[in-house]
Amino acid sequence: MTAAAPARGGAALYTPEILALAVELADYPWTGGLQRFGQASSRICGSKVAVALSTDVDGSISQIGARVSACAIGQAAAALFLRASHGRDHDDLAAALEAMECWLAGEGELPSWPGIERLASARLYSARHAAILLPWKAALAALSNPPRAD
């Protein structure tokens with residue numbers, strides 16, 4: 001007996017767990033009072049993520065908020081990113097982004113980012129890969145931009 005191919009319909013992708021993660025974005029509101037800003041967008045699907053953050057003296061994220069315009073998978077990825085972003089610096093995020101890109105391309109193991117296994121079903125949908133990567137790209141852009149002078 002052969003194994004059934006994975007379901008590829010929207011129901012298999014947009015699980016209650018993914019939708020619950022998307023709702024978590026409300027816990028990380030955008031605020032204009034933070035030091036650094038960055039954004040990333042996908043030409044493939046039109047998703048956009050903007051991140052506002054502050055860093056501590058070591059350059060690690062101490063406070064973060066986001067504005068996300070994406071499908072539920074992109075929103076869930078942003079929620080997972082935001083949950084575990086505190087205390088991370090540019091090098092941490094760059095390494096995580098590289099691991100995510102390799103994994104999504106089928107060339108690496110599941111990244112060690114907390115909770116990322118919840119997005120495993122989206123790996124089968126290459127059109128969603130760009131949306132998944134946007135939070136890391138937006139935060140890296142924010143960390144690369146000079147702090148805002150108040």
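FYI, side chains are in, hydrogens and waters are out, and symmetry mates aren't considered; it's all heavy atoms of this structure.
Here the closest non-hydrogen pair linking A72 and A22 is O-CB, 4.2 Å. In terms of heavy atoms, I61 sits closest to S85 at CB-O, 3.6 Å. The heavy-atom pair separating L21 from A79 by the smallest distance is O-CB, 3.2 Å.
Residues L110 and L93 share a single hydrophobic cluster, defined by chaining ILVMFWY side chains whose heavy atoms lie under 4.5 Å apart. Hydrophobic clustering places L124 together with L80 (ILVMFWY residues linked when any side-chain heavy atoms are closer than 4.5 Å, directly or through intermediates). Residues I132 and I44 do not share a hydrophobic cluster, clusters being chains of Ile/Leu/Val/Met/Phe/Trp/Tyr side chains in contact below 4.5 Å. Cluster annotation: W30 is not connected to L25 through the hydrophobic network of ILVMFWY side chains, with a link wherever side-chain heavy atoms come within less than 4.5 Å.
Shown here is E98, whose CD atom has no more than 12 heavy atoms of other residues, nucleotides or ligands within 6.0 Å.
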Point to revise | side chain to side chain contact (heavy atoms under 4.5 Å, CB included) between K48 and V68, worked out | key: CA-CA 6 Å; K48 297 176 186 170; V68 179; over 6 Å; no

Exercise for review: Please test R88 against W113 for side chain to side chain contact (heavy atoms under 4.5 Å, CB included), starting from the C-alpha separation and ending with a verdict.
Suggested key: CA-CA 11 Å; R88 305 219 186 217; W113 196 271; 3.5 Å; yes

Check your understanding: What do the steps show when you test R36 against T55 for side chain to side chain contact (heavy atoms under 4.5 Å, CB included), and what is the final call?
Key -> CA-CA 8 Å; R36 298 173 185 260; T55 55; 3.9 Å; yes

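Of the possible donor and acceptor atoms, one in the side chain of S62 sits under 3.5 Å from a partner among the backbone N and O of S54. Checked by atom type and distance alone, the side chain of D56 pairs as donor or acceptor with a backbone atom of D58 at under 3.5 Å. No side-chain donor-acceptor contact under 3.5 Å links R123 to the backbone of L119.
E24 places a side-chain heavy atom less than 4.5 Å from the side chain of R83. Contact check for I64 versus L34: no side-chain heavy atoms found under the 4.5 Å cut-off. Side-chain contact between C71 and R128 is present, with at least one heavy-atom pair separated by less than 4.5 Å.
For the atom pair C102 SG and E109 CD, the distance stands at 11.0 Å (nearest 0.5 Å). Separating the CD atom in E101 from the CD atom in E107 is a distance of 10.0 Å, to the nearest 0.5 Å. Here the straight-line distance linking atom CZ of R67 with atom OG1 of T31 works out to 11.0 Å at 0.5 Å rounding. The CD atom of Q63 sits 12.5 Å away from the OH atom of Y28 when rounded to the nearest 0.5 Å. Here the CD atom belonging to E17 is positioned 9.0 Å from the OG atom belonging to S121, to the nearest 0.5 angstrom. Residue H86 holds its NE2 atom at 11.0 Å from OG of S60, rounded to the nearest 0.5 Å.
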Sequence neighbours excluded and cut-off under 3.5 Å, please list the side-chain donor-acceptor pairs for residues 133-146, or say none.
| from | atom 1 | to | atom 2 | distance (Å) |
| --- | --- | --- | --- | --- |
| S144 | OG | L140 | O | 2.9 |
| N145 | ND2 | F37 | O | 2.6 |
| N145 | ND2 | A141 | O | 3.2 |

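The stretch residues 90-109 participates, sequence neighbours left out, in no ring pair (Phe, Tyr, Trp, His ring centres under 6.0 Å) pair at all.
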